[in-house]
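Here the structure is laid out as C-alpha cells; the discussion comes afterwards.
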Amino acid sequence: MNRRRRIYEGKAKVLYEGPEPGTLIQHFKDDATAFNAKKHEVIDGKGVLNNRISEYIFQHLNDIGVPTHFIRRLNMREQLIREVEIIPLEVVVRNVAAGSLATRLGIEEGTQLPRSIIEFYYKNDALNDPMVSEEHITAFGWATPQEIDDIMALAIRVNDFLSGLFLGVGIRLVDFKMECGRLWEGDLMRIVVADEISPDSCRLWDIKSNDKLDKDRFRRDLGGLVEAYTEVARRLGIITENE
Ligand code: C5P
C-alpha cells in the first residue's frame, strides 16, 4: 500500500506522490500533537474523522467558488489533492477571543471580538511558529503584497462560509487556521486554500453549552476528543446516527 513515494511527513498527515503529475495523496494519521509536538498521543479514529470533515468543507468551498487544492476523497484516510507550493504562513481568523489571543492580550475567553481578526504566523517549528506582520511577510519574500491581499480575501470568504455552516448546526466558529498554496496552471498562478480544515485546526463551541468540540479537548486534557469530532461530523450530516 505504502510503496508510493513519500513526499513529506508532518505531525498529523503524510503526503505521497499522486497518480498523475501535479497531484498528491494526503493521508490523515491518528497522531495528535500540541505545543509544537511537546505533547503527543495517538488517538484511534481521529484521522478518519478529519479526512471526512475536511473533505466536506473543501468540497463545499470548491462548490461556492473558493479555490482549494482538494480534488476528491479516495478512501477512509486519504484524499487526492493538487500539488501546490505551500506559502509558509498559518493564517488564523478569529471571531471570539480564545487561545493565544486571549492569553497575549488579556481578553477573557469567549468575548465576542468587535470584528473578525486575521493574523499571520510564520510556519517554522524550530521558532515555534512566531506571529508575523505583513511587513515581515513582504520583507522576507514569503508572499507579495498582492498575494497577501488574495490570502486575506480567501480567509474572509472561508470564515463567512464556515461561520454560517457551523451556526446552522448549533456550533460557534470561534477561530480557525488555514494554509494557502500557489497553484500553477501553465504560466498562470493562483492562490488556493490548502492543507486541511477540521476540528484539529478550528475552535468549535456548542452554541448552548459552550462545550468544546475541537482539539482543545486534547490540548487541555478534557478527554472525549473522538466523541466530539464524531458529534461535529454527525451534526454536519457526514455520518449517520448508526455509524
Ligand atoms: O493557539 P491559537 O489560539 O493561536 O490558535 C488559533 C487557531 O488556530 C485555533 O483554532 C487552533 O486550532 C489553530 N491552530 C492550528 N495550528 C497551529 C496553531 C493554531 O491549527 N499550529
Side-chain angles (χ1 to χ4, degrees), residues 8-13 26 28-41 43 46-47 49-51 53-54 57-58 61 68-69 86-113 115-133 142 151-152 154-156 158-163 165-167 171-181 193-206 210-222 224-226 228-229 232:
Y8 170 83
E9 175 143 14
K11 287 177 271 222
K13 288 188 298 293
Q26 177 164 263
F28 288 76
K29 301 192 285 185
D30 280 339
D31 297 58
T33 63
F35 315 117
N36 198 10
K38 284 186 200 78
K39 185 176 162 89
H40 175 237
E41 240 173 74
I43 302 180
K46 181 175 82 76
L49 284 158
N50 280 348
N51 186 26
I53 296 170
S54 198
I57 291 171
F58 275 76
L61 289 174
T68 80
H69 73 165
I86 288 286
I87 294 171
L89 296 173
E90 299 200 333
V91 182
V92 169
V93 184
R94 301 180 185 273
N95 301 305
V96 176
S100 70
L101 176 100
T103 307
R104 192 170 61 243
L105 301 182
I107 301 172
E108 194 183 343
E109 267 210 331
T111 309
Q112 185 72 40
L113 297 171
R115 62 179 179 80
S116 302
I117 294 173
I118 302 178
E119 297 171 343
F120 298 104
Y121 295 82
Y122 177 44
K123 259 171 79 74
N124 184 315
D125 284 344
L127 299 174
N128 272 323
D129 299 340
M131 186 156 77
V132 292
S133 71
W142 298 323
I151 292 169
M152 290 178 74
L154 280 179
I156 291 165
V158 174
N159 186 47
D160 286 347
F161 169 71
L162 286 182
S163 295
L165 175 76
F166 285 120
L167 191 60
I171 293 173
R172 185 186 303 167
L173 178 67
V174 169
D175 56 34
F176 70 97
K177 183 262 310 187
M178 64 175 223
E179 297 188 22
C180 293
V193 182
D195 193 57
E196 73 178 297
I197 299 178
S198 71
D200 266 11
S201 55
C202 301
R203 283 199 176 88
L204 303 170
W205 294 358
D206 180 83
N210 279 333
D211 273 356
K212 297 183 198 323
L213 303 171
D214 57 61
K215 197 170 146 186
D216 273 348
R217 301 213 70 85
F218 168 71
R219 295 190 191 97
R220 302 182 185 190
D221 291 322
L222 301 173
L225 179 138
V226 165
Y229 287 26
V232 172

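The shown structure was predicted, so the numbers you read here are calculated from the model rather than taken from an experiment. Ligands are counted one by one from 1 in listed order, and the atoms in each one are counted from 1 as well.
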Pocket residues of ligand 1, ordered first by chain and then by residue number (heavy-atom cut-off under 4.0 Å): E90, V92, R94, A98, G99, S100, Y121, D129, D175, F176, K177, D200, S201, C202, R203, R219
Beyond-backbone contact of R172 with N210, side-chain heavy atoms, under 4.5 angstrom: yes
Can you check whether F120 reaches M131 side chain to side chain, under 4.5 Å on heavy atoms? no
Going by the rule salt bridge (charged side-chain N to carboxylate O under 4.0 Å, His left out), which residues pair with D200 if we only count those two or more places apart in sequence or in a different chain? K46
Is any side-chain heavy atom of D221 closer than 4.5 Å to a side-chain heavy atom of K39? yes
For E90, enumerate each residue passing the salt bridge (charged side-chain N to carboxylate O under 4.0 Å, His left out) test, keeping only those at least two apart in sequence or located in another chain. none
Go through the structure and list residues passing side-chain contact (heavy atoms from CB on, under 4.5 Å) with D125, not counting sequence neighbours. K11, N36, D129
